[in-house]
A.B. asks: 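Have a look at this one before I ask anything.
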There are 2 protein chains.
Amino acid sequence: MVSETAPPTLSTVASRAGVSRQTVSNALNNPELLRPETLDRVLGVIAEVGYTPNRAARQLRSGNSRLIGLRFEPAQEGTANALMDRFLHTLVESTRETGHQILLFSGDPEDPLDGYDDLLRSTAVDAFVLTDTYAGTPQAAWLQDRDAPFVAFGRPWDDPRAHHAWVDVDGAAGARLATAHLLEQGHERIGWLGWERSSRIGEDRRTGWKAAMSRAQKPTERLGGRLTDNADAARMAAHERIGIGATAFVCASDTMAVGVLRALEERGLRAGTDIGVVGFDDSAVAQVTGLSSVRQPLEDVAVEVVRLLHETLAGAPAPEQGTVLAPSLVVRGSSVSG
Amino acid sequence: MVSETAPPTLSTVASRAGVSRQTVSNALNNPELLRPETLDRVLGVIAEVGYTPNRAARQLRSGNSRLIGLRFEPAQEGTANALMDRFLHTLVESTRETGHQILLFSGDPEDPLDGYDDLLRSTAVDAFVLTDTYAGTPQAAWLQDRDAPFVAFGRPWDDPRAHHAWVDVDGAAGARLATAHLLEQGHERIGWLGWERSSRIGEDRRTGWKAAMSRAQKPTERLGGRLTDNADAARMAAHERIGIGATAFVCASDTMAVGVLRALEERGLRAGTDIGVVGFDDSAVAQVTGLSSVRQPLEDVAVEVVRLLHETLAGAPAPEQGTVLAPSLVVRGSSVSG
DNA sequence: GTCACGTGCTGGAACGTTCCAAGGCTAGAC
DNA sequence: GTCTAGCCTTGGAACGTTCCAGCACGTGAC
């Protein structure tokens, strides 16, 4: 059984410092109201007894919990995991500076709204961070309808009613970077291996490839592919396109890029020297296999999310425009000859 | 600005149902005290107005927050991340069933104790989960001294004073599995590539390799290596050992196993067919590169951690023995010929 | 000397819940 | 009919904080 002594309260500190409760409270929250010598004395006692305000009491009275809710989706093993991890780390780190903490919760996988309602009604969190606002997810609209503060990582693709703070990474720019890099390496027939048309993110990235190709006045017919996110599908698609003269590939994911590498092995071709390959997301796999890859600035995204959260909680209206951050290209052996 | 109507409280529900506050409270917390018809009526009103108890108030009065603290360390890019991710997902998922949620916090990287104290003194969390209790980390002893409830993922290697609930994965068994598998494949000179002697986890895994080898009466001289966790170090160590006749390798990490694969490429040898390789942790890299690997049952660890947490919070004394779970071996092409 | 004012501090009230002691009511025993 | 017991329900108190109104005191203006 736990036998610790009860933590000191405002009253404890107050009586030891010879002042009232309220004065101790002010010492912490409005120090400018105290005479310097009183302030010193009170802070001294606070330090001495190791007083820390009780969160529940503070939350009950003041109405905010200093907690940010984040629904942590059931894991799909793969790169998405690792991305989330990088994002989450910076999120935790930068909320520390605003005095907030991250509350992870889960919900019924069948119901994308499960969990939010409870936290909201029990006033357990001050705001939410959304991380999966691809087209069609209802969370943003639902929270917006309830005037619940939140910031989304991911733009509201085709919801004109959406009017909330968001941050996203410019996927088209990433694909453009990758394509331009391959063009610079002298490639002319550069293929695109991306996701199904239903993926807004995938289509966005695809436009980057298209734009870079057309600016360079290179053809794209039969070079673009829409596949499921799967190494084997990519392997086969790569074979087809190499057959019609493709000498390089930009892929919507590292998983697909790995499929291309397999195709090269099967043909006895060397990545980089013979065929250029660039993946997307700079996963551990890319780092280990020497795969060039587009890297999302997840750390910057997290910092920006926290900044917007701060503004939103301070009552600022949602910015007219969301923030779009540019990814970078990490060049490794798979896209340069030598 | 937020213009939502104030959430309903116990009193709201009480007056609408024509009962007292306390009766509504009992309807939720001690329903057996109410007459069935009263219970029905009250629950009806609760559902109708969408009442959810205010967390802060409940926490203030009852003294527990239903929150579990987890210090989320600054990311070191690599496999450790992905491991943590798998663990965390299941942790979040299974705490849902006990009505708890996970509070992530961070702290000064220089001070392994930073953050814990604040949460404890502000009574913000009911307990902690520790995830990095390798030899020499002070968190466990510190929490134990303060009678703070916690469960550790990782055993207290050499602290005889330690007396707390913990769960760990049997690293030696994992290495044994991998070694036995390679022996079955007909290998006799099987090398070990592990970490420095200072790593307790590394030494534990190493004993598994040693034990399997000596049981099969195979020599281990000059076949074991203690390196930094780095593909290039592993690559060089593999070359040396292949030079003295090693035909297979068990590695303490997938990163090292990738180093071995590189060495094989450089020699024109094929993994699986010519030289057997098994990694550790079943990372995304292993999955993509067809690397056999020892997989930690992180999901089971998380479930067990939550179970122990539950017991600890119910006042049960720490079990005499920690729980040690067995890993499994995921066989892929790198360890079987054909 | 009175009044107005600003500074520094105080004490009661309130946030919404659960604990606790006690009240009303019904039923059974005598 | 009275008493006792048990069931269901109630209202006051308390958790520890912050909000708010107000008090005591000293200073300067008239």
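These numbers come from a predicted model, not from an experiment. Just so it is clear: chains get the letters A, B, ... in the order the sequence lines come, proteins before strands, and each one is counted from 1.
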A.B. asks: Can you name the residues that form a ring-ring contact (aromatic ring centres under 6.0 Å, His included) with A:Y51, not counting sequence neighbours?
C.D. replies: none
A.B. asks: I need the CG-P distance between A:N64 and C:dC15, as an integer number of Å.
C.D. replies: 16 Å
A.B. asks: Rounded to 10°, tell me the angle between the two end axes of the helix from C:dG1-D:dC30 to C:dC30-D:dG1, each built from five pairs.
C.D. replies: 60°
A.B. asks: Does a side-chain N or O from B:T38 land closer than 4.0 Å to OP1 or OP2 of D:dT9, or not?
C.D. replies: yes
A.B. asks: Can you see which heavy atom on A:L313 is nearest to which on A:D126, and at what distance?
C.D. replies: CD2-O, 3.5 Å
A.B. asks: What residues, two or more places apart in sequence or in another chain, satisfy ring-ring contact (aromatic ring centres under 6.0 Å, His included) together with A:Y116?
C.D. replies: A:F105, A:F128
A.B. asks: Which heavy atom in B:H163 sits nearest to a heavy atom in B:Q144, and how many Å separate them?
C.D. replies: N-OE1, 3.1 Å
A.B. asks: Below 4.5 Å, heavy atoms only, C-beta onward: do A:V151 and A:H164 meet side chain to side chain?
C.D. replies: no
A.B. asks: Please enumerate all residues that pass side-chain contact (heavy atoms from CB on, under 4.5 Å) together with B:D40, with sequence neighbours excluded.
C.D. replies: none
A.B. asks: Rounding to a whole Å, what distance do you find between A:E32:CD and C:dG6:P?
C.D. replies: 17 Å
A.B. asks: Could you state the CD-P distance from B:E37 to C:dT26, rounded to the nearest angstrom?
C.D. replies: 12 Å
A.B. asks: Taking all atoms of both residues into account, what is the closest heavy-atom pair of B:R71 and B:D111, and its distance?
C.D. replies: NH1-O, 2.9 Å
A.B. asks: I need a per-nucleotide contact map over nucleotides 16-25 of chain D, read 5' to 3'. Cutoff is protein heavy atoms under 4.0 Å; write B for the base, S for backbone only, - otherwise.
C.D. replies: BBBBB-----
A.B. asks: Send over the distance from A:D40 CG to C:dG8 P, rounded to a whole Å.
C.D. replies: 14 Å
A.B. asks: Under the side-chain hydrogen bond (donor to acceptor under 3.5 Å, both in side chains) rule, collect the residues that match up with B:T95, sequence neighbours excluded.
C.D. replies: none
